[in-house]
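Shown next, in C-alpha cells, is the structure this report addresses.
Owing to the predicted nature of the structure, the values given are computational and were not obtained by experimental measurement.
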Amino acid sequence: MSIAGAKVALQGENAVPSQRAGAFRAAVRLVNSFLLALLTIIVTEWLARGTLIDVSDYLLSPARPGMVAVLALFLLFVAADALVGRAYQSALILVPLAILPAFLSMQKQQYLSDPLYPSDMLFGRQIGELVPVMFAARPFASIGLVLGTLAALGLLGYLLVLGRRHFPQLSASSKLLRLIVSLPLIGGFLSLMDPNSFSYIRDRLNIVPMMWDQQENYRHNGFLLAFAFNVPMANVQAPGGYGPDVIADIAPERLPATFFGGRNADVIMVMSESLWDPTRLNNAALSPDPMPTIRANSSGNLFSPEFGGMTANVEFEALTGFSNAFLPYGSIPYQQYVRRPLPSLATFFASKGYTTRAFHPFQSWFWNRANVYQSLGFQSFMSEENMPVMDKRGLFTSDDALTKEIIRSADQTKEPFFFFAVTLQGHGPYEKNRYAKNTIDVQSTSLAPENRDSLATYAQGVREADSSLKALMDWAKKRRRETIIVLFGDHLPPLGNVYTDTGYMPDVVATRKASVGVMKREHETPLVVWSSKRGVQKDLGSVSPSQLPYYVVRLAGYRHAFYTGVLGRLHERYAVVDRHQLIERNDRPHPDWATSGAPIDPLIRDYRFLQHDQMFGEGFGTERFFPEQAERVDAPAS
C-alpha cells in the first residue's frame, strides 16, 4: 500500500471517534446552556420576588410555567450563540438583560409596591424624581449601586473581549443545526404571547396572562414571562406634531368656566358590572321584564369598547374623558399608564368643594384601583377592606347592599359630593344555583338547558340591579339638594353559548370590526342619566364612555375647558370614538380611521393631543384645560 493510501485508511478509522467526540462536546455545550438558563431564571425570580421561598414551587409545580421559561431562555441562548458563532458568548448579553430588570423590579417594589413594567420606561421624568428619594433614603447603598453598576459594565466589556478569544467556536454545521431547530420553536413560543387571544397550547403550558392582577401575573408566570406580556403596551408614541404650539392652538370652552357657577348638585355615578338588556336576545322570552326602571328612565346606550371583561378600561374612559382608542391595543391604562396625577371628574368636582369618594365592594388591589383612584384625585376609596360586612348574592356583594352603603355615606356627608361606584353582583360566571330563587322565567326552544339556566341567573341579577337603581332614585327624590344619578353597564356579560344558541351573535365573543349595526348590537349597554330635579336626559343615543364627563359636568351646571369644551365640540359630531371605528351622530361610520392614512379630523387630532399631553407628555395644556390639576401636578416637586 502506498503512503497516501495508508493516510486515507488511517483517517477513515479515526473519523468515527472524532465525530463521536464532536457530538459529545456539542451535547455538553447544550447541557451547560440549559443549566445556565436554569440558573438565570432562579436568580431572576429570586431578585424579582425578594425571596427564594416561592422559586422552587414556580420551577417544579406542574401548575406553574417555570420550566417553560427555562426552556424559552435556553432556546434564546442556543440561537444567539449560533448567530455570534461561539458557545456561551450570548449569555454575556442575555443574562444581564434578564437579571437587571428583575433587580430594578425589586428596587421599585420597595418604594411603589408594583413590579417593573415595560411601560415604566415611558416615565423617565418620574424615574428621575425617584432617584433623589432613593439617594436621600439610602445614600451609601445608592453610591454603592452606582459604583457597582460601573464595575459591572467594565467587567462585562472585559468578558466580551475575553470570550471572543476563549469560548469554543461553533462549526458552520453546528450553527446551522442550532438555528434550524431553535428559531421555529422561538417563533412558535412568541405567537403564544398575545394576552388578548386564547391559546390552547399556552393554556396547556399553564401560562396564564392575568392582566387584571399584575401582582399575581408576575407571581404565577414569573418575571420574564409576565414582563413579556406587558411589552406590547409600552409602545406609546407621541402623535405627530405634538408640542406646545399645537396645544396652544386648541380652542377651550366657548364661554368662560366662571360664567357658570354650578348648582352644587350631588353626583352619583354607578358602573354596573356586566349590565345589559337580555330582552335583546333572539329566540328567548323573559318574563317579567328584568329592567323596568332602567327602561323607563333610559337615556340611550353606552357603546362599550370592551366585551365580557376589561372593566377597568371602561372605567378609565368614564372618569377621565380620555379614550382607549389612542392607546396600544390590549393595553390597560390602570395597570400600565396611570403613574402620575391625572385629571378626572374627581379632581374637577373636588376643585368645586365637593367630597369625592369611590366605592367597590372588592379588594382594593384589583385592577390597581387603590393607586389609580389616588392618582385620579379621589379623596377616599371604600373597598372590601374598609367597608362594613355586606350581604352577598352568590359569591359577590349584592347591589342592594352596595346601594345602601352609598346612601348611608351620602346621608353622612354635608358637603356636595361626587361618588363613583363599581358594582360586583353581576360578575360572571352565571351558575345555575347562584340564587335560591329566580323570579325571571326564560322561555326558549333554541337554548340548551344549561344555557337557559345561565341566562335565568344573569337575568335575575339584572332585575336586582334594576331594583337597586329604583331604591337609589326613590331616596334621591326625597332629598332637598338635587341629586344626579348616572348608571351604565361596563360591557356585555360573558354568556358564552347563549349568544350563539339564540343567534344573537355568530361567536361567543363580540367582533372588533363590523358595520355600525353589528357593533352597536354587540357593544351597547344601558345608560341612565337622571336628575332628581330635572328628570331623565333623553335621546343621548349610543355614546362612548369617554363622553360621560361631558354630560355629567354639563348637567351639574358647570362649564369646563376640556369636559364641556373639547368633549362638547366632539360630542356635536361624533357619538362613538373607538380604536377601530368612529361613528358620527348620524351613524356615518369611519372604519379604520387611525390606520387608513386618511387625514384625521382636527377634532380627533386635538383630543388625542390633549390626552397624550396629560398622560405621557409635558403638560403644556394643564393650566388652560385642566386648571384644577395644575396644583396636583406641581405638588411632587415641592
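- Residues Phe326 and Phe616 place their aromatic rings such that the two centres sit no closer than 6.0 Å.
- Counting heavy atoms from C-beta outward, His571 and Val543 have side chains that stay 4.5 Å or more apart.
- Closest non-hydrogen pair, Leu302 versus Leu527, comes out as N-CB, 3.9 Å.
- Checked by atom type and distance alone, the side chain of Trp367 never pairs as donor or acceptor with a backbone atom of Asn313 at under 3.5 Å.
- Under a cutoff of 6.0 Å and an axis angle of 45°, Arg521 and Tyr504 form a cation-pi pair.
- Note: Phe349 and Phe418 have parallel aromatic rings, judged against thresholds of 30 and 60 degrees for the angle between ring planes.
- Between the side chains of Thr622 and Gln614, at least one donor N or O lies within less than 3.5 Å of an accepting N or O.
- Looking only at distances, no side-chain donor or acceptor of Asn230 sits under 3.5 Å from a matching main-chain atom of Tyr117.
- Checked by atom type and distance alone, the side chain of Arg369 never pairs as donor or acceptor with a backbone atom of His360 at under 3.5 Å.
- For the pair Asp466 and Arg295, the salt-bridge criterion is not met [side-chain N within less than 4.0 Å of a carboxylate O].
- In terms of heavy-atom proximity, Met291 sits nearest to Pro278 at SD-CD, 4.5 Å.
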- request: Give the intermediate values and the outcome of salt bridge (Lys or Arg N to Asp or Glu O under 4.0 Å) for residues Asp601 and Arg573.
  value: CA-CA 11 Å; Asp601 187 331; Arg573 180 171 184 185; 2.4 Å; yes
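- Ionic pairing of Glu628 and Lys352 is not present here: no N-O contact between side-chain nitrogen and carboxylate oxygen is shorter than 4.0 angstrom.
- Side-chain contact between Phe381 and Val372 is absent, with no heavy atoms from C-beta onward closer than 4.5 Å.
- Closest heavy-atom contact between Pro361 and Met387: CA-SD, 4.0 Å.
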- request: Evaluate side-chain contact (heavy atoms from CB on, under 4.5 Å) for Leu570 paired with Gln547, printing each intermediate quantity in order.
  value: CA-CA 9 Å; Leu570 192 75; Gln547 292 279 353; 4.0 Å; yes
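- Note on Lys404 versus Asp391: no salt bridge recorded, every NZ/NE/NH1/NH2 to OD/OE distance being 4.0 Å or above.
- Scored by the side chain to side chain contact (heavy atoms under 4.5 Å, CB included) test, Val536 finds Asn297, Ser299, Trp530, Lys538 as partners (sequence neighbours excluded).
- Side chain to side chain, Glu482 and Ser531 meet the donor-acceptor criterion of an N or O pair below 3.5 Å.
- The closest side-chain heavy-atom distance from Thr413 to Arg357 is below 4.5 Å.
- Of the possible donor and acceptor atoms, none in the side chain of Arg624 sits under 3.5 Å from a partner among the backbone N and O of Ala561.
- Ring orientation note: the planes of Phe609 and Tyr242 are tilted relative to one another, at an angle of 30° to 60°.
- Taking a 6.0 Å sphere around CD of Gln237, one finds it holds 12 or fewer heavy atoms contributed by other residues, nucleotides or ligands.
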- request: Begin with the C-alpha distance, continue with both residues' side-chain angles, and end with the deciding distance and a verdict on ring-ring contact (aromatic ring centres under 6.0 Å, His included) for Phe348 and Tyr558.
  value: CA-CA 10 Å; Phe348 169 75; Tyr558 294 99; 5.5 Å; yes
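- In this structure, the side chains of Leu487 and Ser272 come closer than 4.5 Å at one or more pairs of heavy atoms.
- For Gly377 against Thr356, the heavy-atom pair with the smallest separation is O-OG1, 3.5 Å.
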- request: For Asn371 and Val338, run side-chain contact (heavy atoms from CB on, under 4.5 Å): C-alpha distance rounded to whole Å, both residues' side-chain angles, the deciding distance at 0.1 Å, then the answer.
  value: CA-CA 9 Å; Asn371 295 323; Val338 181; over 6 Å; no
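- Side-chain N or O atoms of Arg559 include none that pairs as donor or acceptor with a backbone N or O of Thr564 at under 3.5 Å.
- Note on Glu405 versus Arg408: salt bridge recorded, some NZ/NE/NH1/NH2 to OD/OE distance being below 4.0 Å.
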message: I'd like to know whether Phe620 forms a side-chain contact (heavy atoms from CB on, under 4.5 Å) with Phe625, so could you lay out the CA-CA distance, the side-chain angles of the two residues, the decisive distance to 0.1 Å, and finally the verdict.
response: CA-CA 9 Å; Phe620 298 124; Phe625 291 93; over 6 Å; no
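- Note: Met390 CE to Thr403 OG1 = 8.5 Å, rounded to the nearest 0.5 Å.
- Residues Thr311 and His427 fail the side-chain proximity criterion, which asks for heavy atoms closer than 4.5 Å.
- Under the 30°/60° scheme for interplanar angles, the aromatic rings of Tyr430 and Tyr458 are found to stand perpendicular.
- Not a single donor-acceptor pair under 3.5 Å links the side chain of Asp587 to the backbone N or O of Ile583.
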task: Before giving the answer on side-chain hydrogen bond (donor to acceptor under 3.5 Å, both in side chains), spell out for Trp475 and Asp411 the whole-Å C-alpha distance, their side-chain angles and the decisive distance to 0.1 Å.
output: CA-CA 10 Å; Trp475 163 80; Asp411 287 339; 3.2 Å; yes
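- For the pair Asn368 (side chain) and Pro333 (backbone), a donor-acceptor distance under 3.5 Å is absent.
- Between Phe417 and Phe419, the ring planes lie parallel to each other; the angle is under 30°, not in the 30° to 60° tilted range.
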task: Show your reasoning for whether ring-ring contact (aromatic ring centres under 6.0 Å, His included) applies to Tyr337 and Phe322.
output: CA-CA 12 Å; Tyr337 307 130; Phe322 296 150; over 10 Å; no
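- Between Ser546 and Pro549, the shortest heavy-atom distance links the atoms O-CD, 3.4 Å.
- Scanning both residues, Leu376 and Ala346, for their nearest heavy atoms gives O-CB, 3.5 Å.
- The closest donor-acceptor contact from the side chain of Thr347 to the backbone of Pro343 lies at 3.5 Å or more, if one exists at all.
- Distance CD1/Ile294 to OG1/Thr525: 10.0 Å, rounded to 0.5 Å.
- The aromatic rings of Phe420 and Phe488 lie tilted to each other, with the angle between the two planes from 30° to 60°.
- Around CG of Asn386, the count of heavy atoms belonging to other residues, nucleotides or ligands within 6.0 Å exceeds 12.
- With contacts defined as side-chain heavy-atom distances shorter than 4.5 Å, the pair Leu610/Arg608 does not qualify.
- Taking Glu464 as the reference, Arg393 meet the salt bridge (charged side-chain N to carboxylate O under 4.0 Å, His left out) condition, with sequence neighbours excluded.
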- request: Could you walk me through whether Leu555 and Tyr551 pass the side-chain contact (heavy atoms from CB on, under 4.5 Å) test, one step at a time?
  value: CA-CA 6 Å; Leu555 184 56; Tyr551 294 112; 5.9 Å; no
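- For Asp539, the CG atom counts as loosely surrounded, since its 6.0 Å shell holds 12 or fewer non-hydrogen atoms of other residues, nucleotides or ligands.
- Rounded to the nearest 0.5 Å, atoms CE (Met473) and OG (Ser468) are 13.0 Å apart.
- Using a 4.5 Å heavy-atom cutoff, the side chains of Val576 and His523 are not in contact.
- With Tyr373 contributing its side chain and Phe359 its backbone, the two residues share no donor-acceptor pair below 3.5 Å.
- Here the side chains of Leu603 and Glu572 are not in contact, with every heavy-atom distance at 4.5 Å or above.
- Put simply, the side chain of Ser532 gets close to the backbone of Thr483: a donor and an acceptor are under 3.5 Å apart.
- For Lys470 and Asp474, the salt-bridge test passes: some basic side-chain N is under 4.0 Å from an acidic carboxylate O.
- Gln425 and Thr423 are not linked by any side-chain donor-acceptor pair at a separation below 3.5 angstrom, with hydrogens and angles left out of the test.
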